[in-house]
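Counting starts at 1 for both ligands and their atoms, in listed order. The basis for the numbers below is simple: all heavy atoms, side chains too, and nothing from hydrogens, waters or symmetry mates. Start at 1 with the first residue, then count along the sequence.
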Amino acid sequence: MNSHFATPNIDAEGNWLPLTAQKNTAADMAPTAAQMPRALGLAFASKLFREVPELEGLTHLSHQGNEVCFATIGDASTSEGHFWETINAAGVLQVPLCIFVWDDGYGISVPRKYQTTKGSISAALEGFRKGEQTNGLEIYNVKGWDYAGLCEVFEEGIRKARETHVPVLFHVEEITQPQGHSTSGSHERYKSKERLAWEKEFDCNSKMRQWIVENALADEGTLQEIEAEAKVLAYEGRKRAWEKYIAPIRNQVQELNGILRQLIEEGRADASQVQQTMQELTANREPLRRDILKSAAHILFRHPRDFSPAMNELQLFYDNQLLAEKENYNTYLYATGPNSVNSVPVVPAEYAEEAPCSTVTKC
Ligand SMILES: Cc1ncc(C[n+]2csc(CCOP(=O)(O)OP(=O)(O)O)c2C)c(N)n1
Ligand SMILES: [Mg+2]
């Protein structure tokens, strides 16, 4: 899926960026728990930077292995194999990995009791807990709505991971979802009235607000002002982001409609079909790039290529569009530039004339 954001760690030429001078985010992934093995690898890198003398000079990549990798996962996703492999490997390798399990008690509509042994991931993980004479993980339990408690526990656990490279798991319980799993579902269909009322009361933001007022960190008026400003900021931001996204698409719709009009004027294409495609495209309030390509293809593939000027233009539009979308969607899958794996020269194997056979291969 898209919208899984990451910070780059190499420049356009494939050279390392100064990672110690920036905050680094590896992209999340759509298959739940797929982020876990990657997180383990990043934490393991820290361990290597601390322990391998040859890496000491690479100060742009690590402060002697002081970096901690933060990984987050939902309660239901801990049922995946990748989660368990990562937990086991982290416990064995002893790497600075801080795992946060955000536990709202549901995997979409499936309650936790159908997902997790003992209905609690920290209870199920008890055997992985580090003992005085054993390896393993530190395990903490904390409530998601208890901001002060979170700060206390996170600080202690993260310090431990950074200093000792013992992995830490924070089981963050009693998380709430103001809108259910996503805005396209409705949790009213599978949560009880009592649960919904509790979620409202224990909403992490409301609880934090309450904590701020109770501890006199800000007064009601200041908070209301911040909230009003935040609403405007979010609204304006949403508008700007949407405009930036949709404006070039609208331009493409206009360009295509212009070509389709020429096609009708030429009188060599099926005018009613072209008209209908134009109407559909214009009526589409939120066209996708795919809709534009589909409309162009719809006309192109239904008409003989008679090399009329307008048909030629349509073909050119389609080809350019395809190229542009290739650039939009298929680039940067792998690092390019001189350090790309694709630039590593092939070294053919060489065998001596009288090389002995291996014990496995018969020759
Ligand atoms: C491997 C895999 N299976 C199924 C899905 C579909 N899916 C997306 S989110 C989700 C539930 C995740 O629940 P949880 O881990 O508890 O996170 P929450 O959304 O509750 O925070 C599922 C089943 C997926 N993305 N990947
Ligand atoms: Mg969940």
- [ ] Any pair with a residue in residues 246-257 that passes side chain to side chain donor-acceptor pair (under 3.5 Å), sequence neighbours left out, goes on the list, sorted by first then second residue, please.
- [x] Gln252-Gln321, Asn257-Thr282
Open item on the list: So if I count the atoms of ligand 1 from 1 in the order they appear, which ones are less than 4.0 Å from some heavy atom of Ala30?
Closed with: 24 (C), 25 (N), 26 (N)
Task: For Ala76, the ligand 1 atoms whose distance to one of its heavy atoms is below 4.0 Å - done: 13 (O), 14 (P), 15 (O), 16 (O)
Open item on the list: Under 4.0 Å from atom 4 (C) of ligand 1, can you find at least one protein heavy atom?
Closed with: no
Is it the side chain, the backbone, both or neither of [X] that has a heavy atom closer than 4.0 Å to ligand 1?
{"X": "Ala34", "answer": "neither"}
{"X": "Thr32", "answer": "both"}
{"X": "Trp102", "answer": "neither"}

TODO: Could you tell me whether the Mg ion (ligand 2) has an N, O or S atom of Asp75 under 2.8 Å away?
DONE: yes
Open item on the list: Suppose we only count N/O/S atoms under 2.8 Å; would Tyr106 qualify as near the Mg ion (ligand 2)?
Closed with: yes
Open item on the list: Using a plain distance cutoff, I'd like to know if Pro31 has any nitrogen or oxygen under 3.5 Å from a nitrogen or oxygen of ligand 1.
Closed with: no
Open item on the list: With a 4.0 Å cut-off on heavy atoms, is Arg112 in contact with ligand 1?
Closed with: no
Task: Glu80 heavy atom under 4.0 Å from ligand 1 - done: yes
Open item on the list: Distance alone, cut at 3.5 Å: any donor-acceptor contact between the side chains of Ser77 and Asp75?
Closed with: no
Task: Pair Glu173, Asn141: side-chain N/O donor-acceptor within cut-off below 3.5 Å - done: yes
Task: side-chain contact (heavy atoms from CB on, under 4.5 Å) between Glu67 and Thr20, intermediate numbers included - done: CA-CA 9 Å; Glu67 293 72 29; Thr20 43; 4.0 Å; yes
Task: Ring-face cation contact, Tyr106 with Lys191, 6.0 Å cut, 45° max - done: yes
- [ ] Could you name the option among Ile108, Ile175, Thr116 that has the heavy atom nearest to atom 10 (C) of ligand 1?
- [x] Ile108
Open item on the list: Just to verify, which of Phe100, Phe154, Phe170 counts as forming a ring pair (Phe, Tyr, Trp, His ring centres under 6.0 Å) with Tyr140?
Closed with: Phe170
Open item on the list: Quick check: do Glu174 and Asp103 have side-chain heavy atoms less than 4.5 Å from each other?
Closed with: no
- [ ] Assess whether atom CD of Glu56 is packed by more than 12 heavy atoms of other residues, nucleotides or ligands within 6.0 Å.
- [x] no
